[in-house]
Amino acid sequence: LRSLGLPEVREARAGVSFAGGLTAAYRACLWSRLASRILYPLASFPATSSRDVYDGVRAIAWDEHLGVSSTLACDVTGSSAAITHTQYGAQLVKDAIVDQFRERHGRRPSVAVRRPDVRLALHLEHNRGSLAVDLASESLHRRGYREPGEQAAAPLKENLAAAVLLSADWPELAQRGAWLADPLCGSGTLLIEGAWMAADVAPGLLRPYWGFQRWEKHDAALWEQLVSEAR
């Protein structure tokens, strides 16, 4: 992430944080070879009880993120004293959001597990909850260069293959004209990732789907500018 020019990059438990707003977040989505997900934080609140979580989620101005006809989904990780089941946590988030919409508009968004308009991520730890928008909605290892159905044939995820190559200093070796060989290449993930690194191709350039494109805060002009630069 530092190599992408993102500011205030800090390691954290099971992740990395950075600053820079939507521009930095979009750049990480498009260019990070290692990340699985890019989460855009919305709020942090106590999670000692179910009511804490419900109230913390409901306090967010959801009109800024969803429309009444939008679809949503929520993934939950971790646990708190009151919430030890991830499905229950996801239900609390959904209830808080739809209750706010019903009160304000008399209508509510619906849940869509696959490719919702907005995918949320709730993390529970030390009796606190952190809610974020999962910008890509699907794991970033899905680059888009495989035909549908081919993904299952690749036992090595693309971002893990990229991590192996970075650990081996492949980008520097490639710049010096080195060769990359994989005699047991299988579906070719290491070789494809290595070729994309050597050619400086943005790993997200071919992805057909980005979850943030139906998010109310999506800046289409900014995204197109970054994609054009990458092309």
Side-chain angles (χ1 to χ4, degrees), residues 6 8 15 17-30 35 37-78 80 82-83 85-125 127-140 204 207-227:
L6 305 188
E8 298 180 38
S17 66
F18 58 91
L22 206 52
T23 301
Y26 282 169
R27 193 175 297 280
C29 283
L30 186 60
R37 298 187 180 277
I38 305 296
L39 303 179
Y40 189 89
L42 299 178
S44 178
F45 40 79
T48 54
S49 68
S50 300
R51 190 73 202 186
D52 281 343
V53 174
Y54 178 91
D55 290 344
V57 174
R58 186 157 178 172
I60 298 168
W62 286 107
D63 281 327
E64 297 178 5
H65 304 281
L66 293 157
V68 291
S69 59
S70 299
T71 57
L72 67 104
C74 182
D75 299 318
V76 180
T77 56
S80 71
I83 302 170
H85 196 287
T86 56
Q87 285 187 335
Y88 177 56
Q91 185 69 35
L92 276 175
V93 172
K94 186 269 293 182
D95 288 348
I97 295 170
V98 301
D99 287 352
Q100 185 188 103
F101 270 95
R102 278 201 197 98
E103 183 179 277
R104 292 182 177 180
H105 306 289
R107 296 168 58 201
R108 47 152 286 185
S110 56
V111 172
V113 177
R114 185 176 183 276
R115 294 194 170 183
D117 294 333
V118 174
R119 184 176 295 279
L120 301 168
L122 173 66
H123 182 66
L124 300 167
E125 189 173 4
N127 288 328
R128 288 200 65 81
S130 300
L131 191 65
V133 174
D134 183 343
L135 289 178
S137 188
E138 293 179 351
S139 176
L140 290 170
R207 275 179 63 107
Y209 167 73
W210 294 96
F212 56 69
Q213 289 177 313
R214 294 193 294 270
W215 177 41
E216 290 293 324
K217 284 184 175 289
H218 173 50
D219 186 334
L222 172 61
W223 175 247
E224 285 305 317
Q225 176 188 335
L226 293 172
V227 170

Judged by modelled atom types alone, do Asp99 and Tyr54 share a side-chain donor-acceptor pair under 3.5 Å?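 Note: Asp99 and Tyr54 side chains meet the donor-acceptor criterion.
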
Minimum side-chain heavy-atom gap [X]-[Y] below 4.5 Å:
X: Leu22; Y: Tyr40; result: yes
X: Leu122; Y: Leu124; result: yes
X: Phe18; Y: Ile38; result: yes
X: His65; Y: Leu42; result: yes
X: Pro116; Y: Arg214; result: no

Checking [X] side chain against [Y] main chain: does a donor-acceptor pair fall under 3.5 Å?
X: Trp62; Y: Val57; result: yes
X: Ser44; Y: Ser130; result: no
X: His85; Y: Gln87; result: yes
X: Ser80; Y: Ala47; result: yes
X: Tyr26; Y: Asp219; result: yes

Going from [atom1] on [X] to [atom2] on [Y], what distance comes out if it is rounded to the nearest 0.5 angstrom?
X: Thr71; Y: Arg119; atom1: OG1; atom2: CZ; answer: 9.5 Å
X: Leu135; Y: Lys217; atom1: CG; atom2: NZ; answer: 12.0 Å
X: Ser49; Y: Asp55; atom1: OG; atom2: CG; answer: 7.5 Å
X: Cys74; Y: Ile97; atom1: SG; atom2: CD1; answer: 7.0 Å
X: Arg108; Y: Asp95; atom1: CZ; atom2: CG; answer: 8.5 Å
X: Phe101; Y: Arg58; atom1: CZ; atom2: CZ; answer: 11.5 Å

Might you point out which heavy atoms bring [X] and [Y] nearest each other, and give the distance in Å?
X: Ser70; Y: Asp117; value: CA-OD2, 3.2 Å
X: Val76; Y: Ala90; value: CG2-N, 3.4 Å
X: Pro109; Y: Leu72; value: CB-CD2, 3.8 Å
X: Thr23; Y: Leu226; value: O-CD1, 4.0 Å
X: Ala136; Y: Arg207; value: O-NH2, 3.6 Å
X: Leu140; Y: Cys29; value: CD2-O, 3.9 Å

When you look at Tyr88 and Val53, which way does the side chain to side chain contact (heavy atoms under 4.5 Å, CB included) test go after all the steps? CA-CA 11 Å; Tyr88 177 56; Val53 174; over 6 Å; no

